[in-house]
Colleague: 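Here you go, one structure.
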Amino acid sequence: MKKIVIAIDGFSSCGKSTMAKALARNVGYLYFDSGAMYRAVALYCLRNGLINGEQIDTEGLRAQLGNINITFEADPVTKNSITLLNGENVEHEIRSLEVSRLVSHVAALDFVRTEMVEQQRRMGKQKGIVMDGRDIGTTVFPDAELKIFVTASAEVRAQRRYDELKARGDNPDYNEILENVMERDRIDQTREVSPLKKADDALLLDNSNMTHAQQEAWLKEQFIAHTEC
Ligand code: DC
């Protein structure tokens, strides 16, 4: 069976990473969360005084971008992928609402995207990977053999994020999350560099009313169809 690159793009909080992780595990591929890389850059900005009110110190960030080393490793117990920022496990911190609020602005900076895309292409060199994000099928791997574009209604996505934050012990506000989801959609779709859009050759998956099991079965079918010679 040939090894391929699988690109999964779509709106925020529509379960892309859950499905990408499950697919990677099922077919024995490596999983890469490109959104985690932008989140790690946002966290770096917060920690290093590169945020002034709502403003990012873009020149400061540009000067320090070379100091930001983002890698992934498997959690020894759960086997889930963890994001490391300069060697430190930041998997929990990059999911906070503070980082979520900032990350779209960081991801809209062209010099940040150029650097992240370069690193992502290196991760995909050997094939046999699943990467999820916003521009994986359009910009990072335009030649990916299997591209999926995922969507779900903003309300369904806000509810999923709410449940996730609640489960980890936070005290979330649904309306604040819905606002954040819609604002991120707007920024992701209208930014100048690599805006979120479906690649012409991507398969569309609306999972508003799908169970995880249905989704997994659908993905496995697509995988088989795209790897059989
Ligand atoms: O998938 P996520 O919510 O963790 O992504 C975080 C942010 O990063 C989101 O605002 C979109 C942005 N992003 C991006 O611009 N390009 C990617 N390939 C992945 C994420």
Side-chain angles (χ1 to χ4, degrees), residues 5-21 24 31-46 54 56 61 68 70 72 80-83 85 90-124 129-142 144 147-152 154 156-165 168 172 177-199 202 205 207:
V5 169
I6 304 174
I8 301 187
D9 289 304
F11 290 92
S12 65
S13 304
C14 60
K16 290 186 305 292
S17 39
T18 306
M19 85 173 65
K21 270 179 220 161
Y31 163 67
F32 293 99
D33 176 355
S34 70
M37 299 172 73
Y38 293 99
R39 285 174 178 273
V41 176
L43 178 63
Y44 180 93
C45 291
L46 284 166
E54 294 270 280
I56 302 167
L61 177 56
I68 306 179
I70 303 162
F72 296 99
N80 285 335
S81 166
I82 5 182
T83 311
L85 170 59
V90 291
E91 190 54 37
H92 186 78
E93 244 184 295
I94 59 170
R95 312 288 163 194
S96 68
L97 200 52
E98 202 184 8
V99 169
S100 297
R101 266 202 210 100
L102 178 66
V103 63
S104 299
H105 301 283
V106 169
L109 299 171
D110 58 349
F111 62 93
V112 173
R113 300 204 72 84
T114 303
E115 176 60 27
M116 294 303 116
V117 168
E118 205 173 289
Q119 294 190 18
Q120 289 153 7
R121 287 189 177 144
R122 280 202 292 272
M123 293 166 180
I129 68 151
V130 183
M131 189 177 285
D132 72 335
R134 303 292 188 287
D135 60 341
I136 310 305
T138 50
T139 303
V140 182
F141 299 119
K147 299 181 187 176
I148 294 160
F149 190 86
V150 198
T151 185
V156 165
R157 291 183 283 132
Q159 186 65 47
R160 287 176 185 161
R161 189 67 114 193
Y162 174 90
D163 294 343
E164 216 174 86
L165 291 171
R168 68 177 220 172
I177 295 173
L178 180 60
E179 226 169 80
N180 175 253
V181 163
M182 294 198 297
E183 176 63 1
R184 280 203 289 156
D185 287 356
R186 189 188 65 74
I187 298 173
D188 290 347
Q189 287 176 291
T190 56
R191 68 169 174 238
E192 274 177 31
V193 197
S194 299
L196 169 65
K197 67 169 198 275
K198 180 183 165 299
L205 173 67
N207 68 7

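Every number for a ligand or one of its atoms is a count from 1 in the order of the listing. Position 1 is the first residue of the sequence; numbering continues from there.
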Colleague: Regarding ligand 1, does Arg113 bring an N or O atom to under 3.5 Å of one of the ligand's N or O atoms?
Modeller: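 Looking only at distances, the answer is yes, because the N/O contact criterion of under 3.5 Å is met.
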Colleague: Go through ligand 1 atom by atom and flag the ones less than 4.0 Å from a non-hydrogen atom of Tyr38.
Modeller: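 Matching atoms, with element in brackets: 8 (O), 13 (N), 14 (C), 16 (N), 17 (C), 18 (N), 19 (C), 20 (C).
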Colleague: Examine Arg184 against ligand 1 and note whether any of their N/O atoms are separated by less than 3.5 Å.
Modeller: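 The answer is yes, given that Arg184 and ligand 1 share an N or O pair closer than 3.5 Å.
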Colleague: With a heavy-atom distance limit of 4.0 Å, tell me whether Met116 approaches ligand 1 through its side chain, its backbone, both, or neither.
Modeller: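 It is neither part, as no heavy atom is under 4.0 Å.
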Colleague: Mark up the atoms of ligand 1 that fall under 4.0 Å of a heavy atom belonging to Arg39, in ascending order.
Modeller: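 Ligand 1 atoms under the 4.0 Å threshold to Arg39: 2 (P), 3 (O), 4 (O), 6 (C).
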Colleague: Relative to the heavy atoms of Asp135, which atoms of ligand 1 are at a distance of less than 4.0 Å?
Modeller: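 That gives atoms 16 (N), 17 (C), 18 (N) of ligand 1.
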Colleague: Give the atoms of ligand 1, by number and element, whose distance to some non-hydrogen atom of Ala107 is under 4.0 Å.
Modeller: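 Numbered from 1, ligand 1 contributes 12 (C), 15 (O).
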Colleague: How does Asp188 reach ligand 1, if at all, at less than 4.0 Å between non-hydrogen atoms: by side chain, backbone, both, or neither?
Modeller: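 The part of Asp188 near ligand 1 is the side chain, not the backbone.
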Colleague: Only heavy atoms of Ser104, strictly under 4.0 Å: list the atoms of ligand 1 that pass.
Modeller: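 Checking each atom against Ser104, I get 10 (O).
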Colleague: Picking from Ile8, Asp9, Leu205, Thr138, what satisfies side chain to side chain contact (heavy atoms under 4.5 Å, CB included) with Phe149?
Modeller: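 Answer after filtering Ile8, Asp9, Leu205, Thr138: Asp9.
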Colleague: Where the closest heavy atom to atom 7 (C) of ligand 1 is concerned, which of Asp185, Val112, Val103 has it?
Modeller: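 Nearest option to atom 7 (C) of ligand 1, by heavy atoms: Val103.
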Colleague: Which heavy atom of Ile177 sits nearest a heavy atom of Ala158, and at what distance?
Modeller: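 In terms of heavy atoms, the two residues are closest at CG2-O, 3.7 Å.
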Colleague: N/O to N/O below 3.5 Å, does that happen between Arg134 and ligand 1?
Modeller: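 N/O-N/O distance below 3.5 Å exists for this pair.
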Colleague: Tell me the nearest of Cys14, Gly35, Ser12 to atom 20 (C) of ligand 1, using heavy-atom distances.
Modeller: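 Among Cys14, Gly35, Ser12, the closest heavy atom to atom 20 (C) of ligand 1 belongs to Gly35.
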Colleague: Report the nearest protein non-hydrogen atom to atom 19 (C) of ligand 1: residue, atom name, distance rounded to 0.1 Å.
Modeller: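 That would be Ser34 OG, 3.3 Å.
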Colleague: Of all residues at least two apart in sequence or in a different chain, which pass the side-chain contact (heavy atoms from CB on, under 4.5 Å) check with Gln159?
Modeller: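 Residues passing side-chain contact (heavy atoms from CB on, under 4.5 Å) with Gln159: Tyr162, Asp163, Tyr174.
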Colleague: By the side-chain hydrogen bond (donor to acceptor under 3.5 Å, both in side chains) test, which pairs, at least two apart or in different chains, include something from residues 92-103?
Modeller: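 Residue pairs passing side-chain hydrogen bond (donor to acceptor under 3.5 Å, both in side chains), neighbours aside: Asp33-Arg95, Arg39-Ser100, Arg47-Glu93, Glu91-Arg95, Arg101-Glu176.
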Colleague: Would the number of heavy atoms belonging to other residues, nucleotides or ligands and lying under 6.0 Å from CD of Glu179 be above 12?
Modeller: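 Result for CD/Glu179: open.
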Colleague: Which pair of non-hydrogen atoms, one from Tyr38 and one from Gln120, has the smallest distance, and what is that distance?
Modeller: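 Heavy atoms only, the tightest pair is CE1-NE2, 4.0 Å.
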Colleague: Does ligand 1 have any atom that is closer than 4.0 Å to a heavy atom of Met37?
Modeller: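 False for this residue.
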Colleague: Considering non-hydrogen atoms only, spot the tightest contact between Pro142 and Lys147 and give its length.
Modeller: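 Looking at all heavy atoms of both residues, the closest pair is O-NZ, 2.7 Å.
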Colleague: Got Asp135 and Val117 here, is their nearest side-chain heavy-atom distance under 4.5 Å?
Modeller: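 Asp135 vs Val117: side chains touch.
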Colleague: Quick one: does ligand 1 sit under 4.0 Å from the side chain of Gln120, the backbone, both or neither, non-hydrogen atoms only?
Modeller: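 Neither; nothing of Gln120 gets under 4.0 Å from ligand 1.
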Colleague: Could you report the tightest heavy-atom contact between Pro195 and Arg191, atom names first, then the distance?
Modeller: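 Between these two residues, the closest heavy atoms are CB-O, 3.4 Å.
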Colleague: Side-chain donor-acceptor pair under 3.5 Å between Tyr31 and Asn80, yes or no?
Modeller: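 No donor-acceptor contact under 3.5 Å links the two side chains.
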